[in-house]
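One-based numbering, in listed order, for ligands and for the atoms of each.
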Amino acid sequence: MLLLHLKLKSNARHPSALGKFEEIVNASKGKKIVMFLDYDGTLAPIVADPDQAFMTNEMREAVFSFVKLAGLYYAGSHGMDIEGPPKKRKFKKGNQAVLFQPASEFLPMIDEVYKTLLEKTKSIPGAIVENNKFCLSVHFRCVDEKRWAALAEQVRLVLNQYPKLKLTQGRKVLEIRPTIKWDKGRALEFLLESLGFANSKHVLPVYIGDDRTDEDAFKVLRNRGQGFGILVSKAPKETNASYSLQEPSEVKEFLRRLVEWKRLCLRPHY
Ligand SMILES: O=P(O)(O)OC[C@H]1O[C@H](O[C@H]2O[C@H](CO)[C@@H](O)[C@H](O)[C@H]2O)[C@H](O)[C@@H](O)[C@@H]1O
């Protein structure tokens with residue numbers, strides 16, 4: 001009963017982006033929609049093996065139909081690894097141009113911690129250590145729940161030696177990253193500035209994400225009063241997003257509907 005009540009309350013505050021589709025497209029009339037998309041849990045369903053987290057072909061098509069810029073902008077490692085389309089002639093085809101990497105000085109330290117964590121966690125069945133370049137992820141989705149505390153303790157012991165790195169938690173994952181003032185919100189602002197969209201009344205930024213780290217980006221949009229965030233979650237949560245979608249299949253449906261709506265708007269009316 002309490003759960004149902006919470007769910008109703010949360011849905012009222014963060015209604016479904018599909019249910020409120022008309023409201024969203026009305027807000028975007030005469031504006032260019034600029035879409036920022038998280039990957040795991042947003043475009044690709046959550047799976048046990050992080051190396052097997054792929055988008056479906058339908059999702060890939062839906063995302064592709066959005067790419068109207070010179071190419072795709074990519075911000076990995078919680079926004080600490082920002083790359084954009086290659087500049088003409090300067091880079092070979094297929095190579096991305098590095099736009100901003102605020103934590104590059106941490107690379108040797110992160111590599112060192114990666115090797116130590118591989119060694120220290122190898123005796124815990126199911127633990128996976130992923131090197132995301134500027135951030136390390138220690139996955140415990142496949143670890144027996146009884147050993148979660150032991151794994152977290154191992155990670156904490158290693159990190160005690162590295163005060164310049166901090167530990168946060170995501171969806172069944174411990175994340176290790178530099179203690180710099182940079183997050184997905186700052187990366188979003190950086191991209192809006194770099195693309196010349198920051199103060200434009202003709203641009204509607206939309207950010208879709210599922211995890212705690214995406215809250216920084218939702219907050220930025222809310223504080224700027226420009227665009228809005230969409231949280232991907234089945235469960236009610238405290239969030240700075242304005243709307244919600246339940247799972248990646250709903251994200252795909254939402255993207256498809258937006259593209260279709262734009263196509264109909266641009267169609268000549270006789
Ligand atoms: O904050 P993000 O940028 O979304 O990154 C968070 C982590 O996402 C990925 O892990 C999650 O998805 C995996 C594949 O579905 C799943 O196995 C895991 O349990 C989830 O936490 C990514 O693999 C991690 O490196 C990121 O830290």
N/O to N/O under 3.5 Å, ligand 1 against protein:
{"residue": "ligand 1", "atom": "1 (O)", "partner": "K184", "partner atom": "NZ", "Å": "3.2"}
{"residue": "ligand 1", "atom": "1 (O)", "partner": "T213", "partner atom": "OG1", "Å": "2.7"}
{"residue": "ligand 1", "atom": "3 (O)", "partner": "K184", "partner atom": "NZ", "Å": "2.9"}
{"residue": "ligand 1", "atom": "4 (O)", "partner": "D38", "partner atom": "OD1", "Å": "3.2"}
{"residue": "ligand 1", "atom": "8 (O)", "partner": "D40", "partner atom": "OD2", "Å": "3.4"}
{"residue": "ligand 1", "atom": "15 (O)", "partner": "V47", "partner atom": "N", "Å": "2.8"}
{"residue": "ligand 1", "atom": "15 (O)", "partner": "V47", "partner atom": "O", "Å": "3.3"}
{"residue": "ligand 1", "atom": "17 (O)", "partner": "V47", "partner atom": "O", "Å": "2.5"}
{"residue": "ligand 1", "atom": "19 (O)", "partner": "R141", "partner atom": "NE", "Å": "2.6"}
{"residue": "ligand 1", "atom": "19 (O)", "partner": "R141", "partner atom": "NH2", "Å": "3.1"}
{"residue": "ligand 1", "atom": "19 (O)", "partner": "R171", "partner atom": "O", "Å": "3.1"}
{"residue": "ligand 1", "atom": "21 (O)", "partner": "R171", "partner atom": "O", "Å": "2.5"}
{"residue": "ligand 1", "atom": "23 (O)", "partner": "E130", "partner atom": "OE1", "Å": "2.8"}
{"residue": "ligand 1", "atom": "23 (O)", "partner": "H139", "partner atom": "NE2", "Å": "3.4"}
{"residue": "ligand 1", "atom": "25 (O)", "partner": "E130", "partner atom": "OE1", "Å": "2.6"}
{"residue": "ligand 1", "atom": "25 (O)", "partner": "N132", "partner atom": "ND2", "Å": "2.8"}
{"residue": "ligand 1", "atom": "25 (O)", "partner": "S137", "partner atom": "OG", "Å": "2.9"}
{"residue": "ligand 1", "atom": "27 (O)", "partner": "S137", "partner atom": "OG", "Å": "2.7"}
{"residue": "ligand 1", "atom": "27 (O)", "partner": "E175", "partner atom": "OE2", "Å": "2.4"}

Practice problem: Please step through side-chain contact (heavy atoms from CB on, under 4.5 Å) for the pair Q101 and I82, ending with a clear verdict. | Solution: CA-CA 6 Å; Q101 290 181 333; I82 304 186; over 6 Å; no
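Centroid-to-centroid, the aromatic rings of F134 and W182 stay 6.0 Å apart or farther.
Among residues at least two apart or in separate chains, side-chain hydrogen bond (donor to acceptor under 3.5 Å, both in side chains) pairs with a member in residues 248-258 are E247-S249. Applying the side-chain hydrogen bond (donor to acceptor under 3.5 Å, both in side chains) definition to pairs two or more places apart or across chains, those involving residues 121-137 are D111-N131, E119-K122, E130-H139, N132-S137. Screening residues 190-209 for side-chain hydrogen bond (donor to acceptor under 3.5 Å, both in side chains), with sequence neighbours left out, gives Y207-D214.
The environment of NZ in K219 is sparse: at most 12 heavy-atom neighbours from other residues, nucleotides or ligands sit within 6.0 Å.
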